[in-house]
Amino acid sequence: MQLTSNKHVLSWIDECAALTAPDSVVWIDGSEAQLASLRAEAVATGELITLNQEKMPGCYLHRSDPTDVARVEDRTFICSRSKRDAGPTNNWKSPDEMYAMMKSIYAGAMAGRVMYVIPYSMGVVGSPFAKYGIELTDSIYVVLSMAIMTRIGKSVLAQIGDGADFIKGLHAKANLDPERRYIAHFPEDNTIWSVNSGYGGNVLLGKKCFALRMASVLGRDQGWMAEHMLILGVEAPNGETKYVAAAFPSACGKTNLAMLIPPEGYEKAGWKVWCVGDDIAWLRPKNGMLYAVNPEYGFFGVAPGTNVKSNPNAIAATAKNAIFTNVVQNLDDNTVWWEGLDKNPPENALDWRGNPWNGKTAGTPGAHPNSRFTAPAVNCPCISPEFENPDGVPISAIIFGGRRAKTAPLVYQSRDWTHGVFVGSIMGSETTAAAAGAVGVARRDPMAMLPFCGYDMGDYWAHWIDMASKVENPPQIFNVNWFRTDDDGKFIWPGYGENFRVLEWILKRCSGQLDAVDSAIGYLPLPGDVNLDGSGVDSATLETLLNVDKALWRDEVSGIEEFYAKFGDTLPKALSAELAKLSAAL
Ligand code: GTP
Ligand code: SPV
Ligand code: MN
């Protein structure tokens with residue numbers, strides 16, 4: 001049954017149905033009854049596997065095709081009318097060419113299948129900052145995952161009303177052919193087309209496709225920002241909470257930082273961290289500050305490495321009503337396992353591909369390195385009381401960071417907003433399993449947005465620089481690196497909960513309580529200003545972590561010059577000036 005009489009919606013669905021030729025069209029109303037019957041159907045076809053309902057109520061396992069386990073950056077396109085608008089860091093094809101090519105793939109692709117219509121909201125439904133989308137898909141896994149990750153159903157259609165202000169998403173699994181897999185964005189048409197994949201980041205179109213690639217374009221045009229950032233609140237013992245947003249590349253620690261539990265001494269003293277979001281932030285000027293909302297409704301988090309010590313809040317979030325993708329299935333008790341969950345891998349199990357796997361003898365990982373959980377945000381014990389605040393939270397600090405074995409110190413602060421934008425623009429990190437391709441290769445990933453910026457990165461930096469003129473008290477900008485290694489390649493900093501010590505320094509700098517060392521790259525902590533009590537890290541090690549190796553940084557400057565050169569005249573002059581200053585200081 002159609003759930004709207006909106007002509008824009010209905011004619012678009014008709015067009016997509018005529019193209020993909022599904023047997024039927026089913027509207028997702030958001031009711032638990034409908035979702036329950038879809039779960040049952042997915043279990044019957046094997047698309048989902050029911051897990052132990054006593055230990056893990058409402059939890060299911062899903063295996064994606066082995067050739068389809070991560071985002072595909074080389075097959076992701078920004079199809080703006082002009083190539084210049086996509087910029088040098090995005091793949092581009094003209095809309096006409098892309099529509100024509102993808103139409104040939106979509107043609108009849110849903111024959112014998114059902115087309116589900118998912119109305120969804122990014123942000124609290126009805127709030128001034130919410131944006132709406134409709135995703136058409138032939139995957140029940142997508143429907144059920146969208147029901148966790150976004151707010152869905154009739155209430156969204158009521159907000160769209162008779163209007164045309166919604167993002168049109170079309171997803172078809174087709175035959176999962178990796179050679180014909182495309183994730184295409186048409187910013188001028190509010191349209192996203194995704195075909196031949198069933199992996200989260202390629203097919204949950206509200207997430208990276210809408211809330212970052214399309215939304216970054218909307219933000220440019222409307223004076224706000226869509227960023228690959230977590231949002232957290234640090235509550236002091238006196239009850240006052242300060243908010244921080246942090247951009248780290250994929251699988252570089254956003255979920256873990258967002259759900260951090262402070263070290264014992266701090267916890268006892270009454271410090272607490274609240275999670276507002278773990279992956280995406282929409283920021284806009286308000287009351288002279290930048291306010292951030294998390295447009296999502298759940299977490300699509302990395303499973304490996306998540307355990308009761310590293311991230312107990314994430315473990316709790318997955319205790320019920322979660323979907324696990326590409327993890328190990330323990331056949332003894334029908335629960336799940338992944339590398340780093342505990343030191344006791346199951347012996348009688350199936351690996352992420354569904355093949356028999358004995359964790360004691362296998363010698364190969366049982367879970368895919370990019371295996372993930374999809375969990376409702378409300379399950380998270382530290383979810384912020386402000387999670388559903390339609391105005392969002394005021395941001396005191398923005399933190400950039402990535403995986404850098406040597407160059408970047410544990411933490412440093414930028415001198416001002418423009419220098420902070422420079423610090424974000426020169427971010428580098430080693431690639432991870434979150435995207436298909438080689439892992440551990442260093443690359444530039446400005447603002448952790450390289451794969452997610454929907455327009456020219458030079459224009460994006462100009463937009464960043466310009467935001468300061470809209471905000472009297474812009475956040476202070478910092479850079480962190482939890483991933484410095486010693487000569488044996490081991491991480492030097494303990495990370496996880498201990499990162500709170502760095503947050504404390506950052507917030508004290510924001511409120512003017514601490515001095516700092518003025519170095520070539522920015523402000524570094526004075527020795528003694530990062531509290532190491534109970535961390536197991538000594539002051540000599542901290543010195544190593546804060547060391548700025550000028551020779552390495554001079555190489556870094558050459559790398560940045562090369563990167564900046566790609567942008568031609570869209571590179572803001574203010575950034576080349578910052579680079580010249582850095583080069584001179586070194
Ligand atoms: P996406 O969901 O891909 O955007 O990733 P994310 O940034 O949320 O990354 P996440 O927090 O899931 O962390 C990814 C990996 O980094 C996991 O294997 C973590 O165990 C590991 N990790 C997170 N924080 C730290 C840290 O402080 N130190 C170290 N050494 N590893 C960390
Ligand atoms: C990332 O890769 O940054 C993720 C997972 O958060 S995905 O939704 O696949 O993009
Ligand atoms: Mn992410």
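Order of appearance sets the numbers: ligands from 1, and atoms from 1 within every ligand. Excluded from the calculations below are hydrogen atoms, water molecules and symmetry mates; all remaining heavy atoms, backbone and side chain alike, are included.
Cation-pi check for Arg151 over Phe387 is met; the charged atom lies under 6.0 angstrom from the ring centroid and within 45 degrees of its normal.
Shown in contact with Gly201 at under 4.0 Å from a heavy atom are these atoms of ligand 2, numbered in order with element: 7 (S), 8 (O), 9 (O), 10 (O). Taking every non-hydrogen atom of Pro249 and a distance limit under 4.0 Å, the qualifying atoms of ligand 1 come out as 7 (O). Within the listing of ligand 2, atoms 2 (O) sit less than 4.0 angstrom from a heavy atom of Ala434. Ligand-side atoms of ligand 1 in range of Phe483: 29 (C), 30 (N), 31 (N), 32 (C), range being under 4.0 angstrom from any heavy atom. Within ligand 1, the atoms closer than 4.0 Å to a non-hydrogen atom of Arg403 are 15 (C), 16 (O), numbered from 1 in the order shown. Distances below 4.0 Å separate heavy atoms of Lys254 from the following atoms of ligand 1: 1 (P), 4 (O), 5 (O), 6 (P), 7 (O), 8 (O), 9 (O), 11 (O). Listed by number with element, the atoms of ligand 1 under 4.0 angstrom from any heavy atom of Asn499 are 27 (O). Below 4.0 Å from some heavy atom of His228 lie the following atoms of ligand 1, by number and element: 4 (O). Within ligand 1, the atoms closer than 4.0 Å to a non-hydrogen atom of Phe491 are 30 (N), numbered from 1 in the order shown.
Glu498 and Trp493 form no side-chain donor-acceptor contact under 3.5 Å, judged by distance and modelled atom types alone. For the residue pair Thr318 and Asn379, no side-chain donor N or O sits within less than 3.5 Å of a side-chain acceptor on the partner.
Taking the six-membered ring where the residue is Trp, the centroids of Phe373 and Phe299 are separated by 6.0 Å or more. Taking the six-membered ring wherever Trp is involved, the centroid distance between the rings of Phe483 and Phe491 falls below 6.0 Å.
Of the polar atoms of Pro304, at least one N or O is found under 3.5 Å from an N or O of ligand 1, judged by distance alone. In terms of N/O distances under 3.5 Å, ligand 2 is not approached by Lys207. Between Lys208 and ligand 1, no pair of N/O atoms sits closer than 3.5 Å. At a 3.5 angstrom cut-off on N or O pairs, Gly200 does not count as close to ligand 2. For ligand 1, the polar-atom distance check finds an N/O of Asp279 within less than 3.5 Å of one of the ligand's N/O atoms. On a distance-only criterion, Gly253 and ligand 1 share at least one N/O pair closer than 3.5 Å.
In terms of protein heavy-atom proximity, atom 6 (O) of ligand 2 is closest to Lys208 NZ, 2.6 Å. Nearest protein heavy-atom neighbour of atom 2 (O) of ligand 2: Arg71 NE, 2.9 Å. For atom 3 (O) of ligand 2, the closest non-hydrogen atom of the protein is Ser250 OG, 2.5 Å. From the protein, the heavy atom lying nearest to atom 2 (O) of ligand 1 is Arg372 NH1, 2.9 Å. Of all protein heavy atoms, the one closest to atom 9 (O) of ligand 2 is Tyr199 OH, 2.7 Å.
For NZ of Lys406, the number of neighbouring non-hydrogen atoms (other residues, nucleotides, ligands) closer than 6.0 Å is greater than 12. Around NZ of Lys242, the count of heavy atoms belonging to other residues, nucleotides or ligands within 6.0 Å does not exceed 12.
Using a 4.0 Å cutoff on heavy atoms, Glu339 does not count as a contact of ligand 1. Ligand 1 is approached by Ala251 to a heavy-atom distance shorter than 4.0 Å. Ligand 2 has His228 within reach: a non-hydrogen atom of the residue lies less than 4.0 Å from it.
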Run the numbers on His62 and Ser64 for side chain to side chain contact (heavy atoms under 4.5 Å, CB included), then give the verdict.
CA-CA 6 Å; His62 172 74; Ser64 68; 4.2 Å; yes
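Distance alone, capped at 3.5 Å, is enough to place a donor-acceptor pair between the Arg484 side chain and the Thr544 backbone. Side-chain atoms of Thr325 never come within 3.5 Å of backbone atoms of Arg63 as a donor-acceptor pair (strictly under, hydrogens ignored).
Here Lys208 reaches the Mn ion (ligand 3): one of its N/O/S atoms is less than 2.8 Å from the metal.
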